[in-house]
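Below is one structure, written out as structure tokens, with a few remarks after it.
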Amino acid sequence: MYIKEIVALWLKRMGIHTVFGIPGSYVLPIIDEISRKEIKFILSQHEYGAALMADGFAKASAAPACVITTTGIGATNALSGIVNSFTDSQPVIILTGQVPISTYGKGALQECVGIGRTFDLEALMSKVTKYSKLVESPEKLLETLREAEEHLWTGRKGPVHICIPIDVQFTEIEFDRFEPFPFHSLTESEVTHEEEFSLLTGLLRDAKKPLLLLGAGANNVHNEKIVESIADLGIPIVTTLRGKGILDESHLNSLGCTGLHGRSAANYFLYKEADLVIVVGASMSEFTTQGWDYIFDQVPLVQVDIDQEQIGKNYKVSLGIHANSNDFLEKLHSILQTGSWEETTASIRHSKQKFADADMEKSKTYISTVNGKLHPVQVIETLQKLMPIERTLWVTDPVSWTETHLISKGSATYIEGLNGAAIGYAPPAAIGAKCAKPNYFVVSIFGDGGFRQTAMEMATAISNDIPVLWLNLNNEKYESINNAQKSYYQGNIVGTSYKPIDYVDFGNSMLIDTIRVTSIDELEEAVQSYLVHERPLLLDIQIVGSVVSAPKFRQLSRYKSWKLITTQKSSEDLKQIVSYFMKNRY
């Protein structure tokens with residue numbers, strides 16, 4: 001059987017039914033074969049967009065996704081998107097072509113095997129994938145596919161790269177079938193000793209108000225029921241941004257997200273109530289910990305992760321457990337069932353109530369339309385009321401508004417590209433997410449700065465009839481960096497604002513139904529139209545400028561740690577800033 005056909009069959013074996021990319025001479029054999037195996041090829045506008053689509057697909061489906069590009073610049077165009085999948089631990093397969101082996105070192109078009117003045121694509125990709133391999137001969141293919149499988153299905157997830165020269169693709173080898181697939185039977189974790197659970201039982205026996213913090217490593221469909229069962233016992237659940245949705249955020253014992261962009265009640269419980277914090281599948285990054293705050297050094301900390309290197313990386317732990325999240329949560333539930341958590345439940349209510357009035361008061365400031373401009377929170381909360389929570393998947397860039405004000409229900413219903421901060425992530429990633437979950441409404445929320453980088457990918461959606469609802473929160477600037485320049489660089493605005501684009505004309509030029517929204521009534525009408533007539537739809541929403549949320553205000557701690565100097569303020573201004581900070585410190 002030809003190598004090209006074996007690769008197509010392998011993708012089917014991996015569960016791939018949709019591939020994203022741009023054809024090139026060196027991958028045409030594989031693209032031809034996958035089309036014959038009923039795998040759909042989605043032609044993107046740029047390889048970066050294709051890689052972000054694959055990332056969105058992987059996050060929405062919790063299954064491998066695939067990008068196919070030619071060699072050389074085609075592959076490096078996709079590199080930034082692959083970096084995003086690497087930092088976010090997503091199982092993305094990137095298949096690239098390569099020049100014929102017989103031409104190595106001769107200067108073939110797009111050659112990149114590290115000979116002469118050519119870069120080494122295999123080595124380059126090895127830095128941002130779990131596995132990168134150039135198939136040096138036809139006999140190496142099956143071994144390479146088996147090794148790629150193992151990296152995809154075991155341990156901490158991440159992308160893999162396979163590079164196949166075009167002459168190898170056209171080679172025949174003996175092939176009957178793939179070997180049995182052993183990896184699903186693995187527990188994906190070291191054997192957890194009973195001694196560790198004995199120590200955990202002791203910590204829980206001494207705790208009155210334990211807090212369970214769940215990250216991306218725990219956010220999968222297999223954990224939904226057990227997490228809900230733990231919450232039902234009276235245990236408060238908070239999540240990182242990438243853990244959002246694993247527990248229905250309207251659950252009585254959900255406190256929402258914690259950290260720089262978290263909910264005040266979640267941060268308050270962490271700082272003032274919790275006497276034990278159990279962290280599952282979270283790397284304790286800057287956003288989650290409010291800039292690596294001291295609080296996690298002040299309370300007993302249990303950290304559980306499938307990646308041994310994450311445990312104790314940023315904080316000393318009272319107990320570290322190297323385990324699969326589902327195995328651990330099942331055991332944790334059985335331990336918690338033996339306890340009584342009435343005091344914990346009372347503290348959850350107290351934490352929520354403490355900020356309820358303030359949140360109600362703040363919400364009044366969000367209701368404003370100034371010269372056709374809306375407040376971003378008003379936009380998001382209106383969306384929240386209109387979209388059916390059971391069938392909506394949110395894909396977003398501006399986490400400072402969406403994390404706090406969007407309510408998610410279900411694993412992989414809130415998707416972003418936070419770790420790599422891939423600007424312009426949401427427009428193309430939403431296309432991939434919709435391909436993964438066609439029965440969900442997919443809403444993509446982003447700022448106009450990021451949109452300018454990936455807006456052309458809307459043409460991909462219209463070409464393939466992929467009905468995404470895009471919301472462009474438009475203030476004609478890179479707002480967060482623009483605000484930093486105002487505060488810390490004496491108002492010297494450089495490279496963070498630009499002349500406006502008429503996005504209605506722009507969208508219509510690509511045959512995308514595009515609506516400029518200037519009021520809440522127009523927003524409601526547009527969204528209702530999308531729900532009735534689901535199709536690719538872009539809403540251009542002018543938002544009020546220089547609005548700073550409480551979560552954004554917390555980021556002052558980041559700038560303080562960098563020792564940036566603020567613009568000179570009057571004593572009255574400083575009093576107001578201190579007062580605002582004290583009210584929003586959680």
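No hydrogens, no waters, no symmetry mates; every other heavy atom, side chains included, goes into these values. Being a predicted model, the structure only gives us computed values, none of them experimental.
Counting all heavy atoms, side chain and backbone alike, Ser411 lies closest to Lys437 at O-NZ, 3.9 Å. Scanning both residues, Lys157 and Lys130, for their nearest heavy atoms gives C-CD, 3.9 Å. Between Ala436 and Ala60, the shortest heavy-atom distance links the atoms CB-CB, 3.9 Å. Considering every non-hydrogen atom in both Ser285 and Trp292, the closest pair reads C-NE1, 3.8 Å. Residues Gly417 and Asp88 approach most closely at CA-OD2, 3.7 Å, considering heavy atoms. Nearest heavy atom pair, residue Gly507 against residue Met458, reads CA-CE, 4.3 Å.
Side-chain contact between Leu260 and Gln290: present, with at least one pair of heavy atoms (C-beta onward) separated by less than 4.5 Å. Considering only heavy atoms from C-beta on, Val238 stays 4.5 Å or farther from Leu270 through its side chain. By the 4.5 Å heavy-atom criterion applied to side chains, Gln542 and Asn474 are counted as neighbours. Side-chain contact between Ile415 and Tyr425 is present, with at least one heavy-atom pair separated by less than 4.5 Å. Within the 4.5 Å cutoff, side-chain heavy atoms of Pro427 are placed close to those of Asp397. Side chains of Asn253 and Ile237 form no contact here, defined as non-hydrogen atoms less than 4.5 Å apart. Proximity of Asn492 to Gln485: side-chain heavy atoms (C-beta onward) are nowhere separated by under 4.5 Å. Under the 4.5 Å side-chain criterion, counting only non-hydrogen atoms from C-beta, Met284 is not in contact with Gln310.
Thr396 and Glu416 share no donor-acceptor pair across their side chains, judged by distance under 3.5 Å alone. Side chain to side chain, Asp521 and Ser519 fail the donor-acceptor criterion of an N or O pair below 3.5 Å. Between the side chains of Tyr414 and Thr402, at least one donor N or O sits under 3.5 Å from an acceptor N or O. Side-chain atoms of Glu273 and Ser351 form no donor-acceptor pair, as typed in the model, at a separation below 3.5 Å. Checking Tyr503 against Asp448 by side-chain atom types alone, no donor-acceptor pair falls below 3.5 Å. With no hydrogens or angles considered, a side-chain donor-acceptor pair links Ser85 and Asp55 at under 3.5 Å.
A distance of 8.0 Å separates CD of Gln303 from CG of Asn314, quoted to the nearest 0.5 Å. Note: Ile512 CD1 to Trp470 CH2 = 4.5 Å, rounded to the nearest 0.5 Å. Summarising the geometry, atom CZ belonging to Phe441 is positioned 5.0 Å from atom CG belonging to Leu531; distances are rounded to the nearest 0.5 Å. Rounding to the nearest 0.5 angstrom, the gap separating the CG atom in Leu212 from the CG atom in Leu276 is 10.0 Å. Atom CD1 of Ile466 is separated from atom CD1 of Ile42 by 4.5 Å, given to the nearest 0.5 angstrom. Rounded to the nearest 0.5 angstrom, Ser444 OG and Leu537 CG are separated by 12.0 Å.
Between Tyr294 and Tyr271, the two ring planes are perpendicular [angle over 60°; tilted spans 30° to 60°].
Side chain of Ser132 to main chain of Glu122: a donor-acceptor pair is present (N/O by atom type, distance under 3.5 Å, no hydrogens or angles). With Ser463 contributing its side chain and Thr460 its backbone, the two residues share no donor-acceptor pair below 3.5 Å. Without hydrogens or angle criteria, Asn77 side chain to His46 main chain gives no donor-acceptor distance under 3.5 Å. In this structure a side-chain-to-backbone donor-acceptor pair under 3.5 Å is present from Lys352 to Ser254. Panel note: side chain Ser325, backbone Gly217; a donor-acceptor pair is recorded below 3.5 Å. Judged purely by atom type and a 3.5 angstrom limit, Asn508 uses its side chain to pair as donor or acceptor with the backbone of Val504. With Thr240 contributing its side chain and Thr288 its backbone, the two residues share no donor-acceptor pair below 3.5 Å.
In terms of the salt bridge (Lys or Arg N to Asp or Glu O under 4.0 Å) criterion, residue partners of Asp540 (sequence neighbours excluded) are, by chain and number, Arg516. Residues satisfying the ring pair (Phe, Tyr, Trp, His ring centres under 6.0 Å) test with Tyr478, not counting sequence neighbours, are Tyr498.
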Exercise for the section: Take Tyr530 and Leu539 through the side chain to side chain contact (heavy atoms under 4.5 Å, CB included) test and state the conclusion after the steps. Expected result: CA-CA 11 Å; Tyr530 173 74; Leu539 305 184; over 6 Å; no
Exercise for the section: Carefully, step by step, assess Arg263 and Leu255 under the rule side chain to side chain contact (heavy atoms under 4.5 Å, CB included). Expected result: CA-CA 7 Å; Arg263 289 179 173 270; Leu255 290 168; over 6 Å; no
Handout entry: Criterion side chain to side chain contact (heavy atoms under 4.5 Å, CB included) on Leu383 and Trp394, from CA distance to verdict
Key = CA-CA 11 Å; Leu383 276 172; Trp394 308 97; 4.2 Å; yes
Practice task
Dump the intermediate steps for side chain to side chain contact (heavy atoms under 4.5 Å, CB included) on Val379 and Leu473, then the final yes or no.
Solution key: CA-CA 9 Å; Val379 172; Leu473 302 184; 4.1 Å; yes
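Of the residues Thr518, Leu523, Val517, the one that meets the side-chain contact (heavy atoms from CB on, under 4.5 Å) test with Ile520 is Leu523.
Shown here is Glu525, whose CD atom has no more than 12 heavy atoms of other residues, nucleotides or ligands within 6.0 Å.
A salt bridge links Lys244 with Glu249: the closest approach of a Lys/Arg side-chain nitrogen to an acidic carboxylate oxygen falls below 4.0 angstrom.
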